[in-house]
**Student:** 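What follows is a single structure, and I will ask about it in a moment.
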Amino acid sequence: MIRIYNTLSQQKEEFKPIEPGKVRMYVCGMTVYDYCHLGHARVLVAFDVITRYLRHCGYDVHYVRNITDIDDKILRRADENGEVYTDLTGRMIQAMHEDEARLGVLSPNEEPRATAYIDEIIAMIRRLISGGHAYAADNGDVYFAVDSFADYGKLSKKKLEDLVAGARVDVQEAKRSPADFALWKAAKPGEVSWPSPWGEGRPGWHIECSAMSTRCLGDTFDIHGGGPDLLFPHHENEIAQSECATGHKFVNVWMHAGAIRVNKEKMSKSLGNFFTIREILENYPAEVVRYFLVSSHYRSQVDYSEDNLVEAGRTLTRLYHALRGLVPAKNVAETDYDRRFADAMDDDFNTAGAIAVLHAVANEINQHRRDGRDAEARESAAVLVRLGKVLGLLQQDPEAYFQADTGGELTAEDIEALIQARAEARKNRDFAEGDRIRDELAAKGIILDDSREGTTWRRG
RNA sequence: GGCGCGGUGGCAGAGUGGUUAUGCAGCGGACUGCAACUCCGUGUACGCCGGUUCGAUUCCGACCCGCGCCUCCA
């Protein structure tokens, strides 16, 4: 039985899909005006692991993750760059796909883009207006009337009067209430726009997700996820729009990832303290970054730091070391480790607990190897690779992981030649020369591992 | 101010009303020509104060501290 923390109820609940055996899940994706940062990676990886585990449990998961490809920031950035906004978004979408592929994130089943759903968006706004939940203002904008939805605030636990009293809401003459939000924005002169019953314009930010999720997954679906800062107002507004438009409950389980922090502050675009995925991947292997993200629970805040990435690298190396030189056995039956792994994952996707099981398996492999039990070692290796796959880890050939070319000055051939020279020297009991070569390699980041079968190397 | 989350050993990070998290780092031993890797062993924990309890890090209350959202942000 899988239990999931639901932001709506603020507690873990037994997960029961609407349709047995099937999971319909929507996650808010990127607004494509810049490269993805580590915070995006967190959400990408978190919901990738969730999808993998649900599928591992036998669910048929239909995973939809949208792309916001029209928005104020996109238009501003394109304008600054002096380019057509579709050139910008096209480039950023491609970059995003590259980044997620490197992080081992599987593609969602559908990746709808806002600009491809203008008709659905307009249709939903019409329904909201005719139902008395929205109104066209004099300035050409269409707003959602927040006080028309009694449940407004149920996700973020906010009271409407507090919101209205707060000085930070956008004061807009055209709005009936300060907390009302735009469904449709009238185009400014020269701006890209689409025709609508309310004049030329473009969709507001929140309506696209209501329209796309409903279209792709139905009026009610199982799981809706996203980053921590989308809880309010974005997800709150999605609920208001969707439930008023369809008359049905929008989503059963709301899931939110924790924030990535840098120096005790949230990593965010507005603070400008963000690291893009591609910047980080210049310094660390992608799988190390993924391990770092998966090694803590998806709802917790995590601190980005060099030390933490370095430690993640050491730890992942230990796991790959256990697998090195072993051909995993085939058709290995379920073990107690599989059950312990599942127990952890069943509890709101406790990846930290699941990783502890991975280490237990690695330890067992090493014990088998020590004792020369090759068949058992290969069976345990199969378990480790099988469980690793659910987390999107340990799927590389260990040699590829250890010897990945990181742009160092030595090629694999150079290294092999030096290892040969060292072996000769040691054979002649010229240990000074052998150690000299080992030190020379170490200085260039190459670590040697001696064993009975010979010497292997890795980039450290 | 409103709402929400959290404070675990040197660090990272799970979890539990009484019994080992796990990893990294450290220490001792084995292995090794010496190391590295690996194995075996090992120390240091649950913010503070009350309460409930036979017993609380785990439940309850107060307090202190940190963080997030309340505005575009994953």
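Labels below follow one simple rule: chain letters A, B, ... track the order of the sequence lines, proteins then strands, and each chain is numbered from 1.
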**Student:** Under 4.0 Å between any heavy atoms, over every strand shown, what does A:S300 touch: base, sugar-phosphate, or nothing? Just pick one.
**Tutor:** sugar-phosphate
**Student:** Look at all strands and tell whether A:K158 reaches a base, only sugar-phosphate, or nothing, counting heavy atoms closer than 4.0 Å.
**Tutor:**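 If one applies the 4.0 Å heavy-atom cut-off, A:K158 turns out to touch a base.
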**Student:** Let me spell it out: for each of A:Y5 and A:K269, pick the nucleotide of RNA chain B with the closest heavy atom. Which residue's pick is nearer the 5' end?
**Tutor:** A:Y5
**Student:** For the P atoms, the ones on B:A36 and on B:U19, what distance do you get once it is rounded to whole angstrom?
**Tutor:** 36 Å
**Student:** In whole Å, measure the gap between the C1' atoms of B:G33 and B:C40 for me.
**Tutor:**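 Straight-line distance between the two C1' atoms is 23 Å.
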**Student:** How about A:E13 and A:Y5: does a side-chain donor come under 3.5 Å of a side-chain acceptor?
**Tutor:**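 The criterion, which ignores hydrogens and geometry beyond distance, is not satisfied for A:Y5 and A:E13.
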**Student:** In whole angstrom, give me the gap between the C1' atoms of B:A25 and B:G13.
**Tutor:**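 It comes out at 14 Å once rounded to the nearest Å.
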**Student:** With a 3.5 Å cut-off and no angle check, do the side chains of A:Y284 and A:E306 form a donor-acceptor pair?
**Tutor:**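 Result is yes, a qualifying pair exists.
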**Student:** Round to a whole Å and report the spacing from CD1 of A:I365 to P of B:C37.
**Tutor:** 18 Å
**Student:** May I ask you to list the residues of residues 386-404 of chain A, by number, that have any heavy atom positioned under 4.0 Å from an atom of RNA chain B?
**Tutor:**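 Correct list: empty, so none.
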**Student:** Regarding A:S296, tell me which of base, sugar-phosphate or nothing describes its non-hydrogen contacts under 4.0 Å with the strands shown.
**Tutor:** sugar-phosphate
**Student:** In whole angstroms, how far is the P atom of B:U38 from the CD atom of A:E453?
**Tutor:** 15 Å
**Student:** Contact class for A:A257 (heavy atom, under 4.0 Å): base, sugar-phosphate, or nothing?
**Tutor:** nothing
**Student:** Please enumerate all residues that pass ring pair (Phe, Tyr, Trp, His ring centres under 6.0 Å) together with A:H256, with sequence neighbours excluded.
**Tutor:** A:H235
**Student:** Using a 4.0 Å heavy-atom cut-off, does A:G29 contact any base of the nucleic acid, only the sugar-phosphate backbone, or nothing at all?
**Tutor:**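 If one applies the 4.0 Å heavy-atom cut-off, A:G29 turns out to touch the sugar-phosphate alone, with no base involved.
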**Student:** Quick one about A:S305 and A:N308 (side-chain donor to acceptor, distance below 3.5 Å, no hydrogens or angles considered), yes or no?
**Tutor:** yes
**Student:** Summarise protein proximity over nucleotides 21-36 of chain B in one line of letters, 5' to 3': B for base, S for sugar-phosphate only, - for none, counting protein heavy atoms closer than 4.0 Å.
**Tutor:** BSBSS-------BBBB
**Student:** My validator wants the stems of RNA chain B: runs of 3 or more consecutive Watson-Crick or G-U pairs, both distances under 3.5 Å, written as range with range.
**Tutor:** B:1-7 with B:64-70, B:10-12 with B:22-24, B:26-30 with B:38-42, B:49-51 with B:59-61
**Student:** Test for a donor-acceptor pair under 3.5 Å between the base of B:A74 and the side chain of A:H37, counting only N and O atoms.
**Tutor:** yes
**Student:** In whole angstroms, how far is the P atom of B:C72 from the CG atom of A:L75?
**Tutor:**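 Rounded to whole Å, this separation is 16 Å.
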**Student:** Report the C-alpha distance between A:D147 and A:Y152 in whole Å, list the side-chain angles of each, state the deciding distance to 0.1 Å, and finish with yes or no for side chain to side chain donor-acceptor pair (under 3.5 Å).
**Tutor:** CA-CA 8 Å; A:D147 59 11; A:Y152 193 79; over 6 Å; no
**Student:** Under 4.0 Å between any heavy atoms, over every strand shown, what does A:L38 touch: base, sugar-phosphate, or nothing? Just pick one.
**Tutor:** nothing
**Student:** CD1 of A:I260 versus C1' of B:A12: gap in Å, rounded?
**Tutor:** 14 Å
**Student:** With distance as the sole criterion, is a donor-acceptor pair present between the side chains of A:D69 and A:T115 under 3.5 Å?
**Tutor:** yes
**Student:** Could you tell me the separation between the CZ atom of A:R261 and the C1' atom of B:A74, rounded to a whole number of Å?
**Tutor:** 16 Å
**Student:** Taking atom types as modelled, is there a side-chain donor on A:H97 or A:E111 under 3.5 Å from an acceptor on the other?
**Tutor:**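 Present: a donor and an acceptor within the cut-off.
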**Student:** Would A:E440 and A:R436 pass as an ion pair if we require N to O under 4.0 Å?
**Tutor:**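 Judged by the 4.0 Å cut-off on N to carboxylate O distance, A:E440 and A:R436 do form a salt bridge.
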**Student:** How is A:L231 classified with respect to the nucleic acid when contacts are heavy atoms under 4.0 Å: base, sugar-phosphate, or nothing?
**Tutor:** nothing
**Student:** Among side-chain atoms of A:T455 and A:D450, is any donor-acceptor pair under 3.5 angstrom?
**Tutor:**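 Yes, because at least one side-chain N or O of A:T455 sits under 3.5 Å from a partner of the opposite role on A:D450.
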**Student:** To the nearest Å, how far apart are A:N273 CG and B:A74 P?
**Tutor:**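 From A:N273 CG to B:A74 P: 13 Å.
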**Student:** Can you tell me if A:E208 and A:N66 form a side-chain donor-acceptor pair at under 3.5 Å?
**Tutor:**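 The answer is yes; a qualifying pair exists.
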**Student:** Using the C1' atom as the reference point in each nucleotide, state the distance between B:G43 and B:G4 in Å, no decimals.
**Tutor:**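 Here B:G43 and B:G4 have their C1' atoms 38 Å from each other.
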**Student:** Check the surroundings of atom CD in A:E83: do more than 12 heavy atoms from other residues, nucleotides or ligands lie under 6.0 Å from it?
**Tutor:**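 Atom CD in A:E83 is packed in, count exceeds 12.
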**Student:** In whole Å, measure the gap between the P atoms of B:U44 and B:G55 for me.
**Tutor:** 25 Å
**Student:** Can you check the distance between B:U8 and B:A14, where both ends of the measurement are the P atom (answer in whole Å)?
**Tutor:** 11 Å
**Student:** Counting only side-chain nitrogens and oxygens, does A:K266 get under 4.0 Å of the OP1 or OP2 atom of B:C69?
**Tutor:**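 For B:C69, OP1/OP2 do have a side-chain N/O of A:K266 under 4.0 Å.
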**Student:** So, using salt bridge (Lys or Arg N to Asp or Glu O under 4.0 Å) as the criterion, who are the partners of A:D151 when residues are at least two apart?
**Tutor:** A:K154
**Student:** Do any side-chain nitrogens or oxygens of A:Q301 fall under 4.0 Å of OP1 or OP2 in B:G7?
**Tutor:** no
**Student:** Any pair with a residue in residues 43-54 of chain A that passes salt bridge (charged side-chain N to carboxylate O under 4.0 Å, His left out), sequence neighbours left out, goes on the list, sorted by first then second residue, please.
**Tutor:** A:D48-A:R52, A:D48-A:R290
**Student:** Is the cationic atom of A:K269 (NZ for Lys, CZ for Arg) positioned less than 6.0 Å from the six-membered ring centroid of A:Y33 and within 45 degrees of its normal?
**Tutor:**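 Yes, A:K269 sits over the ring of A:Y33.
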**Student:** Does A:K159 reach a base, just sugar-phosphate, or nothing at all? Heavy atoms under 4.0 Å.
**Tutor:** nothing
**Student:** Roughly, in whole Å, what's the span from CD in A:E100 to P in B:A74?
**Tutor:** 15 Å
**Student:** So, is A:N366 near the phosphate of B:C39, with a side-chain N or O under 4.0 Å from OP1 or OP2?
**Tutor:**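 Answer yes for this pair, as a side-chain N or O of A:N366 is under 4.0 Å from OP1 or OP2.
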**Student:** How far does the C1' atom of B:U16 sit from the matching atom of B:C67, given to the nearest Å?
**Tutor:** 25 Å
**Student:** What integer number of Å spans the C1' atoms of B:A35 and B:C11?
**Tutor:**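 Pairwise C1' distance, B:A35 against B:C11, rounds to 26 Å.
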**Student:** Without decimals, in angstroms, what is the distance between A:R459 CZ and B:C37 P?
**Tutor:**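 Roughly 19 Å, once rounded to whole Å.
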